[in-house]
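Only one structure is covered here, and it is reproduced in the block below.
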Amino acid sequence: MIVRFDPSLTVTIDLALGQNLTQKTKSGLIKLTTAGIGLANAVNDDTTVLLTEKLFLEQLPKSISQRQISELLEWT
């Protein structure tokens, strides 16, 4: 899957790795650790933070194709 990302994503991932919220697998994937899942759940359960972002994510289909991602990311 090809998705554009903000260059600060690398910094964010490095910080998450440093805080043991994520781990890098042998194949290079980044996965949440138990602590990362706990933090994600806490943020998700808090109804006072990231309201716009949560609404956006809730509106996405449960499965999404590369074409749909491309359409979502077009700036026209």
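Along the sequence shown, residues are numbered consecutively beginning with 1.
Leu39 shares a hydrophobic cluster with Leu21, Val43, Val49, Leu50; the chain of contacts runs through ILVMFWY side chains whose heavy atoms sit under 4.5 Å apart. Apart from Leu51 itself, the hydrophobic cluster it occupies contains nothing, where clustering links Ile, Leu, Val, Met, Phe, Trp and Tyr at side-chain heavy-atom distances under 4.5 Å.
Residues passing the side chain to side chain contact (heavy atoms under 4.5 Å, CB included) test with Thr48 are Asp46, sequence neighbours excluded. Taking Glu71 as the reference, Arg67 meet the salt bridge (Lys or Arg N to Asp or Glu O under 4.0 Å) condition, with sequence neighbours excluded. Every residue two or more places apart in sequence or in another chain was checked for a side chain to side chain donor-acceptor pair (under 3.5 Å) with Thr47, and none qualifies. By the side chain to side chain donor-acceptor pair (under 3.5 Å) test, Glu58 pairs with no residue at all, sequence neighbours left out. Looking at residues two or more places apart in sequence or on another chain, you find no side chain to side chain contact (heavy atoms under 4.5 Å, CB included) involving Thr52. Taking Thr34 as the reference, nothing meets the side chain to side chain donor-acceptor pair (under 3.5 Å) condition, with sequence neighbours excluded. Ser63 pairs by the side chain to side chain donor-acceptor pair (under 3.5 Å) definition with nothing, not counting sequence neighbours. For Leu15, the side chain to side chain contact (heavy atoms under 4.5 Å, CB included) partners are Val11, not counting sequence neighbours.
Within the structure, the side-chain hydrogen bond (donor to acceptor under 3.5 Å, both in side chains) test picks out no pair touching residues 14-24 (sequence neighbours left out).
Without hydrogens or angle criteria, Gln68 side chain to Ser65 main chain gives a donor-acceptor distance under 3.5 Å.
For the atom pair Asn44 CG and Leu57 CG, the distance stands at 9.0 Å (nearest 0.5 Å). If you take CG on Leu55 and CG on Leu60, they are separated by 10.0 Å, rounding to the nearest 0.5 Å.
If you chain together hydrophobic residues whose side chains sit under 4.5 Å apart, Leu29 and Leu9 never meet in one group.
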